[in-house]
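Naming: A, B, ... by sequence-line order, numbering from 1 per chain. Computed from a predicted model, the values in this text were never measured in an experiment. Side chains included, hydrogens not; waters and symmetry mates left out as well; all remaining heavy atoms used.
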Amino acid sequence: MKKASGKPVPYDPAAIEGKWREKWASSGIYRSTEAPGKGKFYALDMFPYPSGEGLHVGHPKGYIATDVVSRMMRMSGHSVLHPMGFDAFGLPAENYAIKTKTNPAIAVRKNVARYKKQLEILGFDYDWSREVNTTDPDFYKWTQWTFLEMWKKGLAYESHEPVNWCPTDKTVLANEDVENGRCERCGTPVERKPMRQWVLKITEYAERLLNDLDATDSHDEPVFVDQSSDGGYRAGIPIVERDAIMAIVKHWSEDKYIGLKWKKVDWQTLITGGPEHGQTPAEGARQEIIEETGYINPRLVRHIGRVHSKFFHAPKQVNRFAHFDCYYFELENGERHQLSAAESDIHEVVWLTREEMTKFLSPEAHRHVWKCFLKNQPVAPALLDWPESIKEAQRNWIGKSQGAEIDFRLAIRDKKPRFVILHGYQGSAKTNFIPWLKRELEKRGHEVEAPELPHTNDPNEEDQVAYVLNNCRIDDRTVIIGHSLGSITALKVVMKLDRPISGLVLVAPAIDPDFKQADFRPYWKGYKWNFDYAQIQKLTGGRIAVLSDTEERLRARYLRDVLAKNLNATLTEIKATEEHFCALEEPAILKAVTPLITVFTTRPDTLYGVTYVVLAPEHPWISQCMNFIENKDEVRAYIAKTSRETEIERAAADREKTGVELKNIRLINPINGEEVPVWIADYVLPDYGTGAVMAVPAHDDRDFAFAQKFGLPIKPVIAQTFTSTHSSDAFRPAEPAQTRPTAVCIIKHPTEDRYLFVKKKGISDLGEDVIVATAGGIDAGETVPQAGQREIAEETGYSHVRFIRSLGAPVCYRYFSKNSNQNRQAILYPGYYELIDESRQDVSEHEKSLHDTIWLEQHDIQRYLDGRPFNAIFWSRLSGSSAYTGPGILVDSGNFSGQNSTDIMKEITAAAQGRWLAKYKLRDWVFSRQRYWGEPIPIIHCENCGVVPVPEKDLPVKLPKVKSYEPTGTGESPLSAIRSWVNVKCPRCRGRARRETNTMPQWAGSSWYYLRYMDPKNSKRLVDARREKYWSPVDLYVGGAEHATRHLIYARFWHKFLYDIGSVKSVEPFRKLQNVGLIMGEDGRKMSKRFGNVVNPDDIVKTYGADTLRVYEMFMGPFDQSIPWSTDSIVGCRRFIERVWKLRTKIVPGAPSDTAAKILHKTIGKVTEDIQHLHFNTAISTMMIAVNEFEKLPNVGRTIYESYLKLLAPFAPHVAEELWMSLGGKKSIHLSAWPTFDPKLAADTEVRIIVQVDGRVRGSFMAAAGGPATELERRARALPEAAKWTTGKKIAKIIVIPDRLVNIVLTGE
RNA sequence: GCCGGGGUGGCGAAAUUGGUAGACGCGCAUGCCUUAGGAGCAUGUGGAGCAAUCCAUGGAGGUUCGAUUCCUCUCCCCGGCACCA
């Protein structure tokens, strides 16, 4: 690198960077190959959308990071996959096309070329041969294919529900595309429109999407699969939920632990097994230990945690849902039985030290449990190594609420309906569901008639209708239920009436035999297939329900498109228990005829406090019951008003509550049989839960506000909480409780921040002392403060006490007293009191025998009251926050043993005949867009066959060319204008058919593109199974945090679906996710053309070189943090590279000096670790320190310098290559081996010992590393700086931290 | 309101299990070099003080020989959810 003249060559990036990039490309050094036996590493960037504006310096930051990591991984012997591609469908390209009237494909091609050029000059190690583009038909063929697979599994369906419509972009949006009621893209407020849409059932995966966020790591090798034993997993047994245990067992006196060595399978484990029926997992664990080890006295010390076994891959999809409970046991002593022959045949017991244990536990999950045990942590999940913020965002988005559905039966004051059930062709009142339905209705107090209609095998309209009219009582209370042909009879009966009936329920009505493709039906001649729809509607008041079995496809279409439409009836499309509702019990029918309002609540324990029920104005039940409602007009007006409101208006918080009562209708509270009124109000959302809530105004702010406004009763709240026990048998819901109002007193000391409590002595229920707030019953005629003051005086002797304020609405506190063997409940009135002075009277002997009076400091209270309701009252009321959320809300269940409170809720749910379940905020994914530039949905609508998928051989359905890309705004995509494309023959019946013209959203292709990189050219499959197995999962995924609840949820869903159909082998696509922090403009604002603060990377490369840009972006700060760009600061990185460059002049061939080797190895250790943890800024700072230190040396050995260049190579690949080659490198530095860290060489022989006196640094001295503590102590005391502070003082003790510091602690005087 | 993540010099930021707070870089200051500018090199650089020393990691308490780190409360910033029952 010296010219002939001997002058050093200056560093000139322009002269070297292009040269090496060409070499790398032509020699293909970054080509990814599957090398079996070699470790693999898949680094992935969120592929860009190639917009017209090109890159700014913020874009490449994430790409540089994956580049650095992938380069290091390649050098350390991994097969690396680091690909790049383009996500090119979507609105920007389309809008550009509309403006310029050009095909978006052309603009995309241009922009992609520009992006690639910009990316190339930064020297990335992409394997461009694997480039993918979502708009390439060879790519989107597989997007379409997956859609059809979902359709086959019923996960893609057409919905007619109201959806979000953006009037500006003229397309529907998914829930994820709406932000605060506005279109995420253009900010227009979205409208709710009922439209036919394709929807993906992502909600089916809600639970898995949620659970897997916290799941433990998965492994290629099964961890708990142990065919030779029955431990934990049993192949072939389709047990959905089988608990399993794992135990760590410690020696009785020494610090060593039991391991099992399995003889036949060469497998080493902790003790695992399955608890037997009726055993708790802990008991099962104990038994397993005894059986497997022979030691008879294991003692349970603690539960380490619970791991979901779902991700410990089992070979077949069985038994995937068990939990492993992990326990820690200690042996009491060495007593031991002989092991059974069977057991000793299988394994032997070995004793292991802690260190051996770590090595011994080869399966990662065992080691994981062991680590958690050592750290005293619960078993922590590790399947996804993702930022907590992203996981949290996803949890919020999925929005799981555990709770109960509770059915409230209808109680109509007047006009209790009676039923007439009409059977069908060849039927009778004794067949199908009719006897059962009759019984059920009669149970509910209805009159029911189920006549045997004449000529059931050869029916005719006239006879049947006449029979009904003559024999059945039909008036305005009658609801007629017809099954199959009975439905037609019912319709004809209604047409003959001159007075209204109560309603009509048509269960799978017979269909017009003229309807195309209908089977021949012998009865058709006996009936006239004409209906006076208007008359029927009039006489039923529109109360018509049509039930359709989705299995009967032809009938379903007719019922929906003809009958229900003409009758304006409520259509319920469900899968019947048996086809055509022919089962003996068809609950759907009962549900349709005896409307229940099902509410969802997370607090079923508050059922006793329900004083009314509120429905969303959209609730379908309202129209069904309209006949019974007295104030119909008022109700209709309110519903109309609500429907006019935008989402934004409606969602606006703290707006005045509005609502209307449904008069004459009441609902029955199943827990106590109370009748409560029903209201509709827009604060209840139609699409969450069941669209209906039970209102507990004493518990809930919203209900409270509503009740206040409309003068509804607010019942003293009843809470099922306990102090007396942790077992649920304490509470017996069936038994009546005694209620007594009680004052609870929080009493503050007159001057200090201390509080008065009483310590109850030996409460027999508990057999222990309990500390509680002072409390006592309120006597007749007393106010709460009076009672409080009296109780305080009686119990504590302090009589000078002043009532300050109430701590909120009364709380009902319920418990079971074992003393009196009865349920008790007290309504607690918490109040806050202050002592006026400390004068105190004597307390009666009786009181003294019951309790002591104690003072607690604020911070002690938590400890003493932990887990008791008083604790919650105290803290929430004193701080005015947390546990209580409403005026009367009860103790937060979270303050109690979680298990316990859940048990209580479940118990009450059962008592109310409700269902304990979870609800999610996640909605199904609206998957169609009424736009041009997206993947066509590969569906054909046939006039006869209905929805028909495009056969796989015809995929991809290519996007045709159109004249106008303009969205129509009618809900049709521009594709619908292309007749030649739209009109096709049905692939099934060759009849007339039309293509689906909606396209897929932009998120479709990006939901799986990472799989295609593994096998980008495969025309047979989405991805080859072997390649997928080799490369999956993505080891490192880098991208922006803004994708948390869209791309990252969609991709996880898509991937899990592909897993379920066997296309991929991993449950989760991205193992480690890293967010890249934004680079903002120099003015601190977002970098954007709008603010004129965009910095173009091309310019920076021109001035400083690509290597400098790369180093600078990695050095700016913590990788995931947003930091403003600073062109001034770049020079530091350029100087750094130049100093490395100049170091070349100091190279000597000889042996490396110890000092240089030490610098090098410290650097190797730190840089390697930092890159692994993505701490690029500290990696670079370490390399800077190394250069600074090398510069101070007279010379640097050549091998040292070469190793150093290797560390630099991932960050600054060009300059590292140039220097490497100039030293005579044969192969590229990027294919060389990553330097190995030698801790011995890095170790310091001398360390600086800090000397402190009373914790303050007073001086330091150098000492040999590993020196004895006594020596350090002696030298520290002798140190003049220290002696200055210690002379004449007494030394209390001296703390010595080897190799670190000595702290001389003086006595107080 | 609920949940998550953060607050350290003029700036970007460092700081294994608690063990010298401010590494590294920018900027700034002084000097050398240079016709000049720039670049480079050297030294210094949290605050107060002549100094010894004291004060400093959003604030207030606590635990500890010792706290940026652990605990309690509190303030502020960023992000997610939000009339979600």
Between B/G80 atom C1' and A/Leu210 atom CG, what is the distance in whole Å?
15 Å
Can a donor-acceptor pair be found, under 3.5 Å and without considering hydrogens, that links the side chain of A/Lys391 to the backbone of A/Leu213?
yes
Could you state the CG-P distance from A/Asn180 to B/G79, rounded to the nearest angstrom?
12 Å
Please produce a list of atom pairs where a protein N or O lies less than 3.5 Å from an N or O of nucleotides 3-5 of chain B.
unit_1 : atom_1 : unit_2   : atom_2 : d
B/C3   : O2'    : A/Glu392 : OE2    : 2.3

OP1, OP2 of B/C84 versus side-chain N and O of A/Lys921: anything below 4.0 Å?
no
Could you please name the partner base of B/C84, counting Watson-Crick and G-U wobble pairs only when both distances are under 3.5 Å?
none
On RNA chain B, compare the nucleotides closest to A/Met1184 and A/Glu179; which residue's is nearer the 5' end?
A/Met1184
Taking a pair as Watson-Crick or G-U wobble with both distances under 3.5 Å, which nucleotide is matched to B/G38?
none
Calculate the interatomic distance between A/Leu1207 atom CG and B/C24 atom P; express it in whole Å.
19 Å
So does A/Thr1045 get a side-chain nitrogen or oxygen closer than 4.0 Å to the phosphate oxygens (OP1/OP2) of B/G80?
no
Rounding to the closest angstrom, what is the interatomic distance between B/U63 and B/G22 at atom C1'?
26 Å
In this structure, how many angstroms lie between the C1' atom of B/G6 and the CD1 atom of A/Ile1123, rounded?
14 Å
Using side-chain heavy atoms (C-beta onward) and a distance below 4.5 Å, is A/Val1302 in contact with A/Ile1249?
yes
What is the distance, rounded to the nearest whole Å, between atom CD1 of A/Ile1049 and atom C1' of B/C81?
12 Å
Enumerate, atom names and distances included, each donor-acceptor pair closer than 3.5 Å involving a side-chain atom of residues 1179-1189 of chain A, sequence neighbours excluded.
unit_1    : atom_1 : unit_2    : atom_2 : d
A/Thr1182 : OG1    : A/Thr1178 : O      : 2.7
A/Asn1188 : OD1    : A/Arg1139 : NH1    : 3.4
A/Asn1188 : OD1    : A/Arg1139 : NH2    : 2.7

What does the B/S/- profile of nucleotides 15-21 of chain B look like, 5' to 3', with a 4.0 Å heavy-atom cutoff to protein?
--B-BBS
In the strands shown, is B/G9 matched to any nucleotide by a Watson-Crick or G-U wobble pair with both distances under 3.5 Å, and which?
none
Write down the partner of B/U43 under the Watson-Crick or G-U wobble criteria, each distance required to be under 3.5 Å.
B/A29
For A/Val1140, is there any backbone N or O sitting under 3.5 Å from a side-chain donor or acceptor partner on A/Tyr11?
no
Tell me whether the rings of A/Phe706 and A/Trp679 are parallel (<30°), tilted (30 to 60°) or perpendicular (>60°).
perpendicular
Just confirming the chi classification of B/G27, syn or anti, using 90° around 0 as the syn window.
anti
What class does the angle between the rings of A/Tyr1204 and A/Phe1190 fall in, given that below 30° is parallel, 30 to 60° is tilted and above 60° is perpendicular?
perpendicular
Mind checking if A/Val614 touches a base, just sugar-phosphate, or nothing, with heavy atoms under 4.0 Å?
nothing
Check salt bridge (charged side-chain N to carboxylate O under 4.0 Å, His left out) between A/Lys1166 and all other residues, then give those that pass, not counting sequence neighbours.
A/Asp1170
Tell me the partner of B/A51, counting only Watson-Crick (N1-N3 plus N6-O4 or O6-N4) or G-U wobble (N1-O2 and O6-N3) with both under 3.5 Å; none if nothing fits.
none
Distance criterion of 3.5 Å, no angle test: do you see the side chain of A/Lys657 paired donor-to-acceptor with the base of B/C83?
yes
A/Tyr688 vs B/A85: side-chain N/O to OP1/OP2 distance below 4.0 Å
yes
Length of the line joining A/Asn1075:CG and B/G6:C1', which is rounded to integer Å:
14 Å
Name all residues meeting the ring-ring contact (aromatic ring centres under 6.0 Å, His included) criterion together with A/Phe1261; count only those two or more places apart in sequence or in a different chain, and write none if there are none.
none
Please work out if A/Pro1124 contacts a base, only the sugar-phosphate, or nothing of the nucleic acid, heavy-atom cut-off 4.0 Å.
nothing
Ring-plane angle category for A/His619 and A/Trp621, please: parallel below 30°, perpendicular beyond 60°, tilted otherwise.
perpendicular
What pairs of nitrogen or oxygen atoms, one from the protein and one from nucleotides 31-34 of chain B, lie under 3.5 Å apart?
none

Between B/G27 (C1') and A/Tyr1112 (OH): distance, integer Å:
13 Å
In the structure shown, which nucleotide is the Watson-Crick or G-U wobble counterpart of B/U17, with both distances under 3.5 Å?
none
Of the listed B/C24, B/C26, B/A85, the closest approach to the A/Ser1181 side chain comes from B/C24
Just wondering, more than 12 heavy atoms not from A/Lys1086 lying within 6.0 Å of its NZ?
no
Measure the shortest side-chain to side-chain distance between A/Glu1281 and A/Val1253 over non-hydrogen atoms and say whether it is less than 4.5 angstrom.
no
Reading RNA chain B from 5' onward, which residue's closest nucleotide shows up sooner: A/Ile1130 or A/Met694?
A/Ile1130
Complementary nucleotide for B/C70 - Watson-Crick or wobble, under 3.5 Å:
B/G62
The criterion is ring-ring contact (aromatic ring centres under 6.0 Å, His included); which residues satisfy it with A/Phe1119, sequence neighbours excluded?
A/Phe1176
Can you sort out the partners of A/Glu392 under side chain to side chain contact (heavy atoms under 4.5 Å, CB included), two or more places apart, ordered by chain and number?
A/Glu388, A/Arg395, A/Asn396
When the P atoms of B/G61 and B/A48 are considered, how many whole Å apart are they?
25 Å
What's the CH2-C1' distance between A/Trp679 and B/C83, to the nearest Å?
17 Å
Which residues pass the side chain to side chain contact (heavy atoms under 4.5 Å, CB included) test with A/Ala404, sequence neighbours left out?
A/Ile406, A/Pro604, A/Thr909, A/Trp916
Donor-acceptor check, side chain of A/Asp924 to backbone of A/Thr203, threshold 3.5 angstrom: yes or no?
yes
So if I define the base as every atom that isn't primed, P, OP1 or OP2, how would nucleotides 47-58 of chain B read as a B/S/- string at a heavy-atom cutoff under 4.0 Å?
-----SSSS---
Kindly give the atom pairs (protein nitrogen or oxygen, nucleotide nitrogen or oxygen) under 3.5 Å for nucleotides 36-44 of chain B.
unit_1 : atom_1 : unit_2    : atom_2 : d
B/G40  : OP1    : A/Arg1135 : NE     : 2.8
B/G40  : OP2    : A/Arg1135 : NH2    : 3.4

Main chain of A/Gly1266, side chain of A/Asp1299: is a donor-acceptor contact present, judged purely on distance under 3.5 Å?
yes
Lys/Arg cation over aromatic A/Tyr683: A/Lys657, 6.0 Å, 45° cone:
yes
With sequence neighbours excluded, give me every salt bridge (charged side-chain N to carboxylate O under 4.0 Å, His left out) pair touching residues 1175-1184 of chain A.
none
Check: A/Arg923 side chain, A/Asp687 main-chain N or O, donor-acceptor pair, under 3.5 Å
yes
